[in-house]
Amino acid sequence: MQIAFDTSTSRPVLAIVDGGEVLFEWAGPGGTFHGETLLAGLEAGMEKNSLNWKQIRFISVGIGPGTFTGLRIGVVIAKFLADPNNIPVVPVSSLQAQALSAEPNLFDKSIRRVWSLTDAKRHEVYALALEPSQLLPDFFVATEKEYAISPESLALELGESDLLLGEGAENYSAFWPKTVSMAAVEWRYLQAKNIAAIGQKKFDHGEALSAVAIEARY
């Protein structure tokens, strides 16, 4: 049993997952109150499934890259929950988890690359490009593949048949060439169940850390 959540975007997301079964999935409202809403969502999920902390084996948390304030909230909450309950924490790339949301869009076999984009503010996006065959929970994403870039510069890197998703893709859509496409709205954003899917693979491979060792990537 794991708790998975992410606060790297404008809305926090959370899931409670047992093996491959999603017992509870929640998305908070957009805004700046990630801490309060995330904890309220977690409490609702624990109560709905009659869970206690002794049943939670680990926590998966999105560590970005993303905006400073949002990410810090998620990492602090992970530490706050894990430390007193002696629960290990699995750090997950928020951009990789978001990229997994693109899979239902890939019925079009002509898609060449999937770009997972988060709004980094300051007129930049955080970007990660993956090929469709790399959209797997256990695919290793090197840190250097995730980077900040202006939308003008990113537009020059985009090619025909690229698929874009995430708030970064949406907020700067005016910059993208007409040869690229946007993921369908229902599959465009980060989902907590994908944080959990990557977290499970990493946990199974012994990549869980102590709460104190978790750090966000800005």
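Note that the numbering runs from 1 along the sequence shown for the chain. These numbers come from a predicted model, not from an experiment.
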- Item | Shortest non-hydrogen separation from Ala208 to Pro88 and the atoms involved | CB-CB, 3.8 Å

- Message: Does atom CD (Gln55) have a neighbourhood of more than 12 heavy atoms from anything else shown, all under 6.0 Å?
- Response: yes

- Item | Enclosure of Arg113 CZ (heavy-atom neighbours >12, cutoff 6.0 Å) | yes

- Task: Dump the intermediate steps for side-chain contact (heavy atoms from CB on, under 4.5 Å) on Val89 and Leu209, then the final yes or no.
- Result: CA-CA 5 Å; Val89 182; Leu209 304 174; 5.6 Å; no

- Message: Quick check for you: to the nearest 0.5 Å, what is the distance between Ser116 atom OG and Glu167 atom CD?
- Response: 11.0 Å

- Query: Under a 4.5 Å side-chain heavy-atom rule over Ile, Leu, Val, Met, Phe, Trp and Tyr, are Tyr189 and Leu164 clustered together?
  - Reply: no

- Message: For Asp119 versus Thr67, what's the shortest heavy-atom pair and its separation?
- Response: O-CG2, 3.6 Å

- Would you sort out whether Ile63 and Val61 count as a side-chain contact (heavy atoms from CB on, under 4.5 Å), showing the intermediate values? CA-CA 6 Å; Ile63 59 166; Val61 60; 4.2 Å; yes

- Measure the shortest side-chain to side-chain distance between Ile149 and Glu157 over non-hydrogen atoms and say whether it is less than 4.5 angstrom. yes

- Task: Drop me the distance from Met46's CE to Leu51's CG, to the nearest 0.5 angstrom.
- Result: 5.5 Å

- Report whether Leu190 and Trp115 are members of the same hydrophobic cluster (ILVMFWY, side-chain heavy atoms less than 4.5 Å apart, transitive linking). no

- Main-chain N/O of Leu117 paired to Gln98 side chain as donor or acceptor, under 3.5 Å: yes

- How far apart are the closest heavy atoms of Ala183 and Leu165, and which atoms are they? CB-CB, 3.8 Å

- Atom CD1 in Ile77, atom CG in Leu38: separation rounded to 0.5 Å? 4.5 Å

- Message: Applying a strict under-4.5 Å side-chain criterion to I, L, V, M, F, W and Y, I'd like to know whether Val76 and Phe68 cluster together.
- Response: no

- Query: Any idea which heavy atoms bring Leu163 and Ala102 closest together, and the distance?
  - Reply: CD2-CB, 4.0 Å

- Message: Let's go through Phe24 and Leu14 carefully: what are the C-alpha distance in whole Å and the side-chain angles of both, what is the deciding distance for side-chain contact (heavy atoms from CB on, under 4.5 Å) to 0.1 Å, and is it a yes or a no?
- Response: CA-CA 8 Å; Phe24 180 79; Leu14 176 142; 3.9 Å; yes

- Close side-chain approach of Gln200 to Val17, heavy-atom, < 4.5 Å: no

- Task: Determine yes or no for a side-chain-to-main-chain donor-acceptor pair under 3.5 angstrom, with Asn85 supplying the side chain and Leu81 the backbone.
- Result: yes

- Please confirm whether the backbone N or O of Phe139 pairs with a side-chain atom of Gln96, one donor and one acceptor, at under 3.5 Å? yes

- Query: Is there a donor-acceptor pair under 3.5 Å between the side chain of Gln134 and the backbone N or O of Glu131?
  - Reply: yes

- Query: Would you say Trp176's side chain and Ala169's backbone share a donor-acceptor pair under 3.5 angstrom?
  - Reply: yes

- Query: Cluster question for you: counting only ILVMFWY and a side-chain heavy-atom cut-off of under 4.5 Å, with indirect links fine, are Leu130 and Ile198 together?
  - Reply: yes

- Nearest-0.5 Å distance that lies between atom CG in Leu23 and atom CG in Asn49: 5.0 Å

- Give the ring-plane orientation class for His123 versus Phe175, where under 30° counts as parallel, over 60° as perpendicular and anything between as tilted. perpendicular

- Check the pair Leu158, Thr179 against side-chain contact (heavy atoms from CB on, under 4.5 Å), reporting the backbone distance first and the verdict last. CA-CA 9 Å; Leu158 299 177; Thr179 53; over 6 Å; no

- Closest heavy-atom contact between Pro91 and Glu207? CD-O, 4.0 Å

- Message: With a sphere of 6.0 Å drawn around CD of Glu160, does it hold more than 12 non-hydrogen atoms of other residues, nucleotides or ligands?
- Response: no

- Note: Ser94 and Asp6 closest approach over all heavy atoms is OG-OD2, 2.5 Å

- Note on the structure: Here the gap from Leu95 atom CG to Ser8 atom OG, rounded to the nearest 0.5 Å, amounts to 7.0 Å

- Note on the structure: Separation between CD1 (Ile16) and CD1 (Ile56), nearest 0.5 Å, reads 6.0 Å

- In the single-linkage hydrophobic clustering (I, L, V, M, F, W, Y; side-chain heavy atoms under 4.5 Å), do Leu71 and Val125 co-cluster? no

- Determine yes or no for a side-chain-to-main-chain donor-acceptor pair under 3.5 angstrom, with Ser101 supplying the side chain and Trp187 the backbone. no

- Item | Sidechain-backbone polar pair: Lys193 side chain, Ala15 backbone, donor-acceptor under 3.5 Å | no

- Item | Main-chain N/O of Arg11 paired to Thr9 side chain as donor or acceptor, under 3.5 Å | yes

- Query: Name the one of Ile59, Val13, Val92 that satisfies side chain to side chain contact (heavy atoms under 4.5 Å, CB included) with Phe5?
  - Reply: Ile59

- Message: Taking Leu100's backbone N and O only, do any of them form a donor-acceptor pair with Glu103's side chain (distance below 3.5 Å, no angle check)?
- Response: no

- Could you tell me whether Asn52 atom CG has more than 12 heavy atoms of other residues or ligands within 6.0 Å of it? yes

- Are the side chain of Gln2 and the backbone of Gly199 linked by a donor-acceptor contact shorter than 3.5 Å? no

- Near Lys201 NZ, under 6.0 Å, is it more than 12 heavy atoms from other residues, nucleotides or ligands? no

